[in-house]
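Just so it is clear, the model here is predicted, and its values are computed rather than measured. Both counts, for ligands and for their atoms, begin at 1 and track the order of listing.
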Amino acid sequence: MTKRISLLGATGSIGLQTLDIIKEHPNKFQLVSFSAGRNINQTRAILKDFPVEVVSVALEEDALQLQTEFPKLQVVFGDEGLVQVAANTNADVLVNAVLGSVGLKPTLEAIKKGITIAIANKETLVTAGHLVMQAAKENNVPILPVDSEHSALFQAMNGEQRSQISKLIITASGGSFRDYTREELKNVAVKDALNHPNWSMGAKITIDSATMMNKGLEVIEAHILFNTSYDDIEVLLHRESIIHSMVEFNDTSIIAQLGTPDMRVPIQYALSYPDRFERSNAKRLNLAEIGKLHFEEIDYKRYHALKLAIDAGRAGGTMTTVLNAANEAAVALFLQEKIAFLTIDELIERAMNEHINIARPNLETILHVDAETRKNVQNMIK
Ligand SMILES: NC(=O)C1=CN([C@@H]2O[C@H](COP(=O)(O)OP(=O)(O)OC[C@H]3O[C@@H](n4cnc5c(N)ncnc54)[C@H](OP(=O)(O)O)[C@@H]3O)[C@@H](O)[C@H]2O)C=CC1
Ligand SMILES: CC(=O)[C@@H](O)[C@H](O)COP(=O)(O)O
Ligand SMILES: [Mn+2]
């Protein structure tokens, strides 16, 4: 049976790779609606390839322009547009590949409509994972991981008893500056930070990899998705990004998922689940060619952002909302060359220290804390 798909963030790195997979499997998948942000040329190109029912863009003026060019299409815009795409009940699956906590409301609305969620958008799980998982449970909706580490963990757990799992081991490449000391990070340039050693990704996540906030967000994401205590989640430096993560069991066995660093594999797995397709366009892994794989312990002083994220995760409540919003704001400032690389960690730490934690926050509280934190971070650099 054909799976009908809605896609948030179609013009981004994950979005475009998702479209490649849909195109590769026309009998298995059909795109019914998608959202873009401000990249209107890419939106037009997608519309020419995929005759969808609904499209959302960030700005009203772009929506009006597209509506004149594509009169049969329903064109919507802004945050409400994201919700309309996500809650399209003609879809069986929502691939959430939008960037940032703006993905939260659309995810909750899709869950309410009983639509399966394939989630790449980790900021949504970090800012309000408890709300997402609670809504998923109430509506009996599967939340399928797309992030490579969580897909690896999900695959390694498949068919296993959760009570037999002793720990999750999440691998980290170390990012663009993994061979720099903290002192050497003081004056690094944006273009160097954007040069990830193993993965080609969007700008924000590439900076998160360089600070290792990405791994911190992923630890929280794993805690949320797999209901695992922070004491049972370990991060391991693994330069090659070949082992995408591992699950250790009580009997000391470790099951790992390996592959070349190519997001089309975890995206496809989330779309094909519970099946596994016979082929993929990813390059096959040749371990003999690679020869050696390397593993190192994490230095939490060097990767301070990872420590901040784990502290926020352990604190719970609104602290992960603050962590995420401060990080989104600080990374945007770094990308605009308004702050130095190490100031990202400083702003996040300040935002966390200044925040009075609120336990068990509802959606309204989360959205309020998110907005306030972004304002606070802007004020910190004035
Ligand atoms: N890239 C990767 O390999 C991986 C990414 N992820 C996660 O997936 C998500 C997407 O990452 P990635 O694809 O790299 O990001 P990109 O920056 O490449 O793409 C982001 C997408 O979101 C859209 N977008 C951004 N802000 C808004 C907004 N305010 N309203 C509406 N649309 C918006 C962009 O639109 P436009 O460009 O048109 O403005 C684009 O379609 C992130 O949460 C990331 O952490 C997880 C694992 C791997
Ligand atoms: C592809 C993917 O899932 C990214 O989140 C990737 O993990 C980034 O790599 P590091 O954060 O390990 O540098
Ligand atoms: Mn990842």
Side-chain angles (χ1 to χ4, degrees), residues 7-19 34-46 55-59 62 76-83 85-86 95-107 118-127 145-153 170-178 196-219 221-222 235-245 259-267 270 298 303 305-306 324 327-328 331-332 335:
L7 171 59
L8 296 183
T11 46
S13 161
I14 294 289
L16 290 171
Q17 293 178 83
T18 304
L19 294 175
F34 74 88
S35 81
R38 292 171 183 235
N39 190 341
I40 300 307
N41 284 337
Q42 187 66 66
T43 306
R44 282 193 185 96
I46 298 170
V55 69
S56 174
V57 290
L59 304 176
D62 288 333
V76 290
F77 63 91
D79 292 356
E80 189 45 40
L82 288 177
V83 169
V85 167
V95 178
N96 182 349
V98 74
L99 179 68
S101 61
V102 71
L104 172 60
K105 265 205 213 165
T107 306
I119 191 140
N121 173 221
K122 62 189 85 182
E123 294 89 354
T124 278
L125 293 176
V126 170
T127 203
V146 170
D147 205 343
S148 63
E149 294 75 4
H150 305 76
S151 176
L153 295 168
I170 300 182
T171 50
S173 77
S176 336
F177 300 131
R178 60 195 182 188
H196 194 283
N198 304 331
W199 297 94
S200 166
M201 310 184 286
K204 190 262 181 181
I205 187 176
T206 307
I207 303 304
D208 285 347
S209 290
T211 59
M212 232 199 248
M213 178 55 83
N214 185 46
K215 222 39 60 178
L217 301 179
E218 291 182 350
V219 168
E221 188 183 4
V235 178
L236 186 66
L237 197 64
H238 165 50
R239 290 175 166 260
E240 293 85 2
S241 302
I242 293 294
I243 295 186
H244 299 304
S245 280
T260 48
D262 189 323
M263 279 306 293
R264 288 173 300 183
V265 178
I267 299 170
I298 296 286
Y303 291 110
L306 174 57
N324 179 68
N327 183 56
E328 284 193 38
V331 171
L335 285 168

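Under the 4.5 Å side-chain criterion, counting only non-hydrogen atoms from C-beta, D262 is in contact with Q17. Counting heavy atoms from C-beta outward, S148 and M263 have side chains that approach closer than 4.5 Å. Residues V331 and M213 have side chains not in contact (no heavy-atom distance under 4.5 Å, counting atoms from C-beta outward). Residues F34 and V95 fail the side-chain proximity criterion, which asks for heavy atoms closer than 4.5 Å. Between D79 and K105 there is no side-chain heavy-atom pair separated by less than 4.5 Å. E149 places none of its side-chain heavy atoms less than 4.5 Å from the side chain of V235. Side-chain contact between H244 and S151 is absent, with no heavy atoms from C-beta onward closer than 4.5 Å. A heavy-atom distance below 4.5 Å is not found between the side chains of W199 and S209.
Considering backbone and side-chain N/O atoms, G12 comes within less than 3.5 Å of an N/O atom of ligand 1. Looking at ligand 1, you'll find an N or O of T11 within less than 3.5 Å of one of its N or O atoms. Distances between N or O atoms of G100 and those of ligand 1 include no value under 3.5 Å. For S200, no nitrogen or oxygen atom sits less than 3.5 Å from a nitrogen or oxygen atom of ligand 1, counting backbone and side chain alike.
Annotation: R44, atom CZ; neighbour count of heavy atoms from other residues, nucleotides and ligands within 6.0 Å is above 12.
In terms of protein heavy-atom proximity, atom 1 (N) of ligand 1 is nearest to S13 OG, 3.2 Å. Of the protein's heavy atoms, L82 CD1, 4.1 Å lies nearest to atom 30 (N) of ligand 1. Of the protein's non-hydrogen atoms, D147 OD1, 3.3 Å is the one closest to atom 47 (C) of ligand 1. Closest to atom 39 (O) of ligand 1 among all protein heavy atoms lies R38 N, 2.8 Å. Looking only at heavy atoms of the protein, atom 2 (C) of ligand 1 is closest to I14 CD1, 3.4 Å. Nearest non-hydrogen protein atom to atom 26 (N) of ligand 1 is L99 O, 4.1 Å. Among all non-hydrogen protein atoms, the one lying nearest atom 43 (O) of ligand 1 is E123 OE1, 2.6 Å. For atom 24 (N) of ligand 1, the closest heavy atom belonging to the protein is V98 CG2, 3.8 Å.
Only protein N, O or S atoms were scored, and 3 of them lie under 2.8 Å from the Mn ion (ligand 3).
For A58, the heavy-atom gap to ligand 1 stays at 4.0 angstrom or more. Within the structure, ligand 1 has K122 among the residues with a heavy atom less than 4.0 angstrom away.
F177 meets the ring-ring contact (aromatic ring centres under 6.0 Å, His included) test with Y180, F341; sequence neighbours excluded. Listed by chain and number, the residues in a side chain to side chain donor-acceptor pair (under 3.5 Å) with N121 are N96, E123, T124 (sequence neighbours excluded).
The CD1 atom of I14 lies 7.0 Å from the CD1 atom of I205; values are rounded to the nearest 0.5 Å. Rounding to the nearest 0.5 Å places OG1 of T18 at 4.0 Å from CD1 of I267.
Remark: ligand 1 atoms within the under-4.0 Å shell around heavy atoms of A120 are 6 (N), 7 (C), 8 (O), 43 (O), 46 (C). Interface of G202 with ligand 1, defined as ligand atoms under 4.0 Å from a residue heavy atom, comprises 1 (N), 14 (O), 18 (O). Atoms of ligand 1 lying under 4.0 Å from any heavy atom of G9, numbered from 1 in the order shown and given with element: 21 (C), 22 (O), 41 (O). In the vicinity of N121, heavy-atom distances shorter than 4.0 Å reach the ligand 1 atoms 43 (O). Short contacts between ligand 1 and M201, defined as distances under 4.0 Å to a heavy atom of the residue, involve ligand atoms 1 (N), 2 (C), 3 (O). Annotation for ligand 1: atoms under 4.0 Å from non-hydrogen atoms of N39 are 36 (P), 38 (O), 39 (O). Close approach to M263 involves these atoms of ligand 1, each under 4.0 Å from a residue heavy atom: 3 (O), 48 (C).
Considering each of T43, N41, V102, the one bringing a non-hydrogen atom nearest atom 28 (C) of ligand 1 is V102.
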Between T107 and L125, does the side chain to side chain contact (heavy atoms under 4.5 Å, CB included) criterion hold? Intermediate values first, please. CA-CA 10 Å; T107 306; L125 293 176; over 6 Å; no
Please report the C-alpha distance between M212 and I298 in whole Å, then the side-chain angles of each, then the deciding distance to 0.1 Å, and finally whether the side chain to side chain contact (heavy atoms under 4.5 Å, CB included) criterion is met. CA-CA 10 Å; M212 232 199 248; I298 296 286; 3.9 Å; yes
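Between the side chains of T11 and N39, no donor-acceptor pair of N or O atoms lies under 3.5 Å.
Shortest non-hydrogen contact noted between T211 and A305 is O-CB, 3.5 Å.
Here E218 pairs with K122 in a salt bridge; the nearest charged N to carboxylate O distance falls below 4.0 Å.
Residues lining ligand 2 at a heavy-atom distance below 4.0 Å are given as K122, D147, S148, E149, A172, S173, G175, H196, W199, M201, I205, S209, N214, K215, E218, M263, ordered by chain and residue number.
With T171 as the partner, the side-chain contact (heavy atoms from CB on, under 4.5 Å) test is satisfied by one option alone out of K215, H238, E240: H238.
A distance-only check finds a donor-acceptor pair linking the side chain of S35 to the backbone of G9 [under 3.5 Å].
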